[in-house]
**Q** 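Dropping a structure here in C-alpha coordinates format, bear with me for questions.
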Amino acid sequence: MTAQDYRNSVHRMGRIWSFACLIMLFAVPTAICIMYDAWPNFGDFLKGALGVIPIFWTVGTIEVITFVPMLGTAGSYLGFVTGNLTNLKVPCALNAMEMSGAKAGTEEGEVVSTVAIAVSSITTTLIIAVGVLLLAQIQPFLESPVMQPAFDNILPSLFGALAVVYVSKNWKIALAPLIFMVVLFIAVPSLASSVGVLVPVGALLAIGVARILYKKNVL
(Lines give C-alpha, C1' and ligand atoms only; values in the text may rest on other atoms or scores of the structure.)
Protein backbone atom coordinates (compact mmCIF):
# COMPACT_ATOMS: atom_id res chain seq x y z
CA MET A 1 0.00 0.00 0.00
CA THR A 2 1.37 3.38 -1.00
CA ALA A 3 1.28 6.42 1.27
CA GLN A 4 -1.54 7.92 -0.81
CA ASP A 5 -3.57 4.69 -0.59
CA TYR A 6 -3.07 4.71 3.18
CA ARG A 7 -4.29 8.30 3.49
CA ASN A 8 -7.31 7.59 1.29
CA SER A 9 -8.13 4.60 3.49
CA VAL A 10 -7.78 6.69 6.66
CA HIS A 11 -10.04 9.41 5.27
CA ARG A 12 -12.65 6.85 4.19
CA MET A 13 -12.72 5.09 7.56
CA GLY A 14 -12.59 8.41 9.39
CA ARG A 15 -15.65 9.72 7.56
CA ILE A 16 -17.55 6.46 8.18
CA TRP A 17 -16.87 6.45 11.93
CA SER A 18 -17.49 10.20 12.27
CA PHE A 19 -20.87 9.79 10.58
CA ALA A 20 -21.66 6.75 12.74
CA CYS A 21 -20.76 8.70 15.86
CA LEU A 22 -23.00 11.57 14.75
CA ILE A 23 -25.92 9.15 14.29
CA MET A 24 -25.36 7.68 17.77
CA LEU A 25 -25.24 11.13 19.36
CA PHE A 26 -28.64 11.97 17.88
CA ALA A 27 -30.04 8.47 18.46
CA VAL A 28 -29.78 8.57 22.27
CA PRO A 29 -31.91 11.71 22.92
CA THR A 30 -34.29 10.69 20.12
CA ALA A 31 -34.80 7.24 21.69
CA ILE A 32 -35.43 8.85 25.10
CA CYS A 33 -37.99 11.22 23.61
CA ILE A 34 -39.76 8.33 21.84
CA MET A 35 -39.72 6.09 24.92
CA TYR A 36 -41.12 8.70 27.30
CA ASP A 37 -43.12 10.63 24.69
CA ALA A 38 -41.47 13.83 25.89
CA TRP A 39 -40.50 16.09 23.01
CA PRO A 40 -38.95 19.54 23.47
CA ASN A 41 -40.89 22.60 22.39
CA PHE A 42 -39.39 23.69 19.07
CA GLY A 43 -39.61 27.38 19.92
CA ASP A 44 -37.80 26.96 23.24
CA PHE A 45 -35.25 24.65 21.61
CA LEU A 46 -34.52 27.15 18.84
CA LYS A 47 -34.25 30.02 21.32
CA GLY A 48 -31.72 28.13 23.42
CA ALA A 49 -29.82 26.76 20.43
CA LEU A 50 -29.34 30.17 18.81
CA GLY A 51 -27.52 31.30 21.93
CA VAL A 52 -24.93 28.49 21.94
CA ILE A 53 -24.66 27.21 18.35
CA PRO A 54 -22.64 30.19 17.03
CA ILE A 55 -20.13 29.77 19.86
CA PHE A 56 -19.74 26.01 19.43
CA TRP A 57 -19.53 26.26 15.65
CA THR A 58 -16.89 28.97 15.89
CA VAL A 59 -14.82 27.05 18.42
CA GLY A 60 -15.28 23.81 16.45
CA THR A 61 -14.03 25.44 13.25
CA ILE A 62 -11.07 26.97 15.07
CA GLU A 63 -10.18 23.61 16.64
CA VAL A 64 -10.13 21.91 13.24
CA ILE A 65 -7.83 24.57 11.77
CA THR A 66 -5.56 24.64 14.84
CA PHE A 67 -5.40 20.99 15.92
CA VAL A 68 -5.41 19.00 12.66
CA PRO A 69 -1.86 20.06 11.65
CA MET A 70 -0.68 19.00 15.12
CA LEU A 71 -2.46 15.65 15.33
CA GLY A 72 -2.25 14.41 11.75
CA THR A 73 -4.96 12.69 9.71
CA ALA A 74 -5.67 9.55 11.76
CA GLY A 75 -5.14 11.30 15.08
CA SER A 76 -7.55 14.07 14.12
CA TYR A 77 -10.36 11.69 13.19
CA LEU A 78 -9.86 9.68 16.38
CA GLY A 79 -9.55 12.79 18.52
CA PHE A 80 -12.64 14.53 17.15
CA VAL A 81 -14.75 11.36 17.42
CA THR A 82 -13.75 10.69 21.03
CA GLY A 83 -13.78 14.38 21.97
CA ASN A 84 -12.15 16.29 24.84
CA LEU A 85 -9.35 17.57 22.60
CA THR A 86 -8.30 20.80 24.28
CA ASN A 87 -7.77 19.52 27.81
CA LEU A 88 -6.77 15.89 27.11
CA LYS A 89 -6.13 14.60 23.59
CA VAL A 90 -3.97 17.46 22.31
CA PRO A 91 -1.76 17.64 25.44
CA CYS A 92 -1.30 13.83 25.31
CA ALA A 93 -0.36 13.90 21.63
CA LEU A 94 2.04 16.84 21.99
CA ASN A 95 3.69 15.33 25.06
CA ALA A 96 4.11 11.97 23.31
CA MET A 97 5.70 13.61 20.26
CA GLU A 98 7.95 15.67 22.50
CA MET A 99 9.14 12.61 24.43
CA SER A 100 9.69 10.54 21.28
CA GLY A 101 11.38 13.31 19.35
CA ALA A 102 8.80 13.16 16.56
CA LYS A 103 7.69 16.33 14.79
CA ALA A 104 4.12 17.31 13.97
CA GLY A 105 3.30 17.02 10.27
CA THR A 106 5.61 14.04 9.68
CA GLU A 107 4.61 10.39 9.25
CA GLU A 108 6.38 9.51 12.49
CA GLY A 109 4.60 12.32 14.30
CA GLU A 110 1.22 11.14 12.99
CA VAL A 111 1.84 7.58 14.21
CA VAL A 112 2.92 8.76 17.66
CA SER A 113 -0.02 11.19 17.87
CA THR A 114 -2.54 8.52 16.87
CA VAL A 115 -1.21 5.98 19.38
CA ALA A 116 -1.19 8.61 22.16
CA ILE A 117 -4.79 9.63 21.44
CA ALA A 118 -5.90 5.99 21.24
CA VAL A 119 -4.27 5.11 24.58
CA SER A 120 -5.73 8.27 26.11
CA SER A 121 -9.22 7.35 24.87
CA ILE A 122 -8.97 3.79 26.23
CA THR A 123 -7.64 5.02 29.57
CA THR A 124 -10.36 7.64 29.85
CA THR A 125 -13.07 5.08 29.05
CA LEU A 126 -11.76 2.65 31.68
CA ILE A 127 -11.49 5.38 34.33
CA ILE A 128 -15.01 6.63 33.58
CA ALA A 129 -16.36 3.07 33.77
CA VAL A 130 -14.72 2.52 37.16
CA GLY A 131 -15.91 5.95 38.30
CA VAL A 132 -19.51 5.19 37.34
CA LEU A 133 -19.40 1.87 39.20
CA LEU A 134 -17.96 3.54 42.31
CA LEU A 135 -19.83 6.85 42.01
CA ALA A 136 -21.96 6.35 45.11
CA GLN A 137 -18.88 5.66 47.23
CA ILE A 138 -16.59 8.43 45.92
CA GLN A 139 -19.16 11.21 45.30
CA PRO A 140 -18.88 12.74 48.83
CA PHE A 141 -15.09 12.84 48.47
CA LEU A 142 -15.19 14.43 44.99
CA GLU A 143 -17.68 17.08 46.13
CA SER A 144 -15.74 17.98 49.26
CA PRO A 145 -14.23 21.49 49.53
CA VAL A 146 -10.78 19.94 49.81
CA MET A 147 -10.92 18.65 46.20
CA GLN A 148 -12.37 21.80 44.63
CA PRO A 149 -9.02 23.60 44.09
CA ALA A 150 -7.70 20.52 42.27
CA PHE A 151 -10.62 20.48 39.81
CA ASP A 152 -10.31 24.24 39.25
CA ASN A 153 -6.67 23.87 38.18
CA ILE A 154 -6.72 20.75 36.00
CA LEU A 155 -6.61 22.65 32.68
CA PRO A 156 -3.98 25.22 33.76
CA SER A 157 -1.76 22.44 35.08
CA LEU A 158 -1.95 20.48 31.80
CA PHE A 159 -1.12 23.40 29.54
CA GLY A 160 1.26 24.94 32.07
CA ALA A 161 3.44 21.84 31.93
CA LEU A 162 3.41 21.88 28.13
CA ALA A 163 4.08 25.62 28.05
CA VAL A 164 7.25 25.23 30.11
CA VAL A 165 8.66 22.84 27.51
CA TYR A 166 7.71 24.80 24.40
CA VAL A 167 8.33 28.30 25.80
CA SER A 168 11.80 27.28 26.99
CA LYS A 169 12.63 25.98 23.49
CA ASN A 170 11.30 29.03 21.60
CA TRP A 171 11.07 31.78 24.21
CA LYS A 172 11.70 34.57 21.71
CA ILE A 173 8.63 33.56 19.70
CA ALA A 174 6.51 32.75 22.75
CA LEU A 175 7.22 36.03 24.56
CA ALA A 176 4.96 38.27 22.44
CA PRO A 177 1.76 36.14 22.49
CA LEU A 178 2.37 35.32 26.18
CA ILE A 179 2.59 38.98 27.19
CA PHE A 180 -0.35 39.89 24.94
CA MET A 181 -2.62 37.20 26.42
CA VAL A 182 -1.63 37.95 30.02
CA VAL A 183 -2.33 41.67 29.58
CA LEU A 184 -5.58 40.94 27.70
CA PHE A 185 -6.97 38.60 30.37
CA ILE A 186 -5.95 40.95 33.19
CA ALA A 187 -7.60 43.89 31.42
CA VAL A 188 -10.73 41.92 30.41
CA PRO A 189 -11.20 38.95 32.81
CA SER A 190 -14.53 38.03 31.19
CA LEU A 191 -12.60 36.76 28.13
CA ALA A 192 -11.54 33.72 30.17
CA SER A 193 -14.65 31.97 28.86
CA SER A 194 -13.54 32.60 25.25
CA VAL A 195 -10.15 30.91 25.37
CA GLY A 196 -11.00 28.65 22.44
CA VAL A 197 -11.73 31.63 20.19
CA LEU A 198 -8.48 33.37 21.20
CA VAL A 199 -6.25 30.37 20.42
CA PRO A 200 -5.89 31.26 16.71
CA VAL A 201 -5.26 34.90 17.69
CA GLY A 202 -2.26 33.81 19.73
CA ALA A 203 -1.17 31.44 16.96
CA LEU A 204 -1.30 34.19 14.31
CA LEU A 205 0.58 36.55 16.62
CA ALA A 206 3.28 33.93 17.18
CA ILE A 207 3.57 33.31 13.43
CA GLY A 208 3.86 37.05 12.76
CA VAL A 209 6.53 37.50 15.42
CA ALA A 210 8.44 34.46 14.15
CA ARG A 211 8.38 35.92 10.63
CA ILE A 212 9.72 39.28 11.82
CA LEU A 213 12.46 37.68 13.92
CA TYR A 214 13.42 35.41 11.02
CA LYS A 215 13.77 38.38 8.64
CA LYS A 216 15.94 40.17 11.22
CA ASN A 217 18.11 37.02 11.61
CA VAL A 218 17.28 36.87 15.30
CA LEU A 219 16.13 33.23 15.21
Side-chain angles (χ1 to χ4, degrees), residues 6-93 110 113-144 147-148 150-152 154-155 158 190-200:
Y6 165 75
R7 293 190 178 278
N8 291 337
S9 177
V10 170
H11 280 297
R12 182 171 61 256
M13 295 303 298
R15 294 188 186 104
I16 292 173
W17 283 105
S18 296
F19 186 68
C21 179
L22 186 63
I23 292 176
M24 293 178 65
L25 289 174
F26 279 102
V28 173
T30 302
I32 293 174
C33 290
I34 294 174
M35 180 178 296
Y36 294 100
D37 193 23
W39 298 90
N41 180 276
F42 181 76
D44 294 337
F45 170 78
L46 186 62
K47 182 179 178 181
L50 289 176
V52 297
I53 285 178
I55 299 174
F56 280 102
W57 282 8
T58 302
V59 173
T61 303
I62 291 170
E63 286 185 346
V64 171
I65 297 173
T66 307
F67 293 153
V68 168
M70 300 180 189
L71 305 180
T73 306
S76 297
Y77 279 117
L78 183 58
F80 279 97
V81 167
T82 55
N84 213 10
L85 276 87
T86 302
N87 59 350
L88 187 60
K89 300 305 188 326
V90 173
C92 285
E110 181 168 343
S113 170
T114 304
V115 172
I117 294 172
V119 173
S120 171
S121 301
I122 295 171
T123 304
T124 303
T125 302
L126 293 176
I127 292 175
I128 291 175
V130 173
V132 170
L133 294 174
L134 301 177
L135 184 60
Q137 288 76 23
I138 65 176
Q139 186 173 1
F141 173 69
L142 295 177
E143 294 180 348
S144 65
M147 292 297 297
Q148 193 57 44
F151 289 114
D152 291 340
I154 289 177
L155 191 59
L158 285 171
S190 60
L191 288 177
S193 60
S194 305
V195 174
V197 179
L198 292 172
V199 168

**Q** Could you tell me the separation between the OG atom of Ser121 and the CG atom of Asn84, rounded to the nearest 0.5 Å?
**A** 9.0 Å
**Q** Apply side chain to side chain contact (heavy atoms under 4.5 Å, CB included) to the pair Ser76 and Met70, showing each step before the final yes or no.
**A** CA-CA 9 Å; Ser76 297; Met70 300 180 189; over 6 Å; no
**Q** Could you tell me the separation between the CD1 atom of Ile128 and the CG atom of Leu133, rounded to the nearest 0.5 Å?
**A** 12.0 Å
**Q** When rounded to the nearest 0.5 angstrom, what is the spacing between CD1 in Ile127 and CD1 in Ile122?
**A** 12.0 Å
**Q** Show the nearest heavy-atom pair for residues Ala93 and Ile117, with the distance to one decimal.
**A** CB-CG1, 4.2 Å
**Q** Examine distances only and state if a side-chain atom of Glu110 and a backbone atom of Leu71 form a donor-acceptor pair shorter than 3.5 Å.
**A** no
**Q** Please step through side chain to side chain contact (heavy atoms under 4.5 Å, CB included) for the pair Glu63 and Thr66, ending with a clear verdict.
**A** CA-CA 5 Å; Glu63 286 185 346; Thr66 307; 5.9 Å; no
**Q** Please report the shortest heavy-atom distance between Leu85 and Pro91, naming the atom on each side.
**A** O-CD, 3.6 Å
**Q** Has the side chain of Ser18 got a donor or acceptor atom that lies under 3.5 Å from a matching backbone atom of Arg15?
**A** no
**Q** Sub-3.5 Å donor-acceptor pair from the side chain of Lys89 to the main-chain atoms of Ser120, do we have one?
**A** no
**Q** Show every donor-acceptor pair shorter than 3.5 Å between a side-chain atom in residues 21-38 and any protein atom, with sequence neighbours excluded, or say none if there are none.
**A**
residue, atom, partner, partner atom, Å
Thr30, OG1, Phe26, O, 2.6

**Q** Yes or no on side chain to side chain contact (heavy atoms under 4.5 Å, CB included) for Met13 and Tyr77, after CA distance, side-chain angles and deciding distance?
**A** CA-CA 9 Å; Met13 295 303 298; Tyr77 279 117; over 6 Å; no
**Q** Taking the side chain as everything from C-beta on, heavy atoms only, tell me whether Trp17 gets closer than 4.5 Å to Leu78.
**A** no
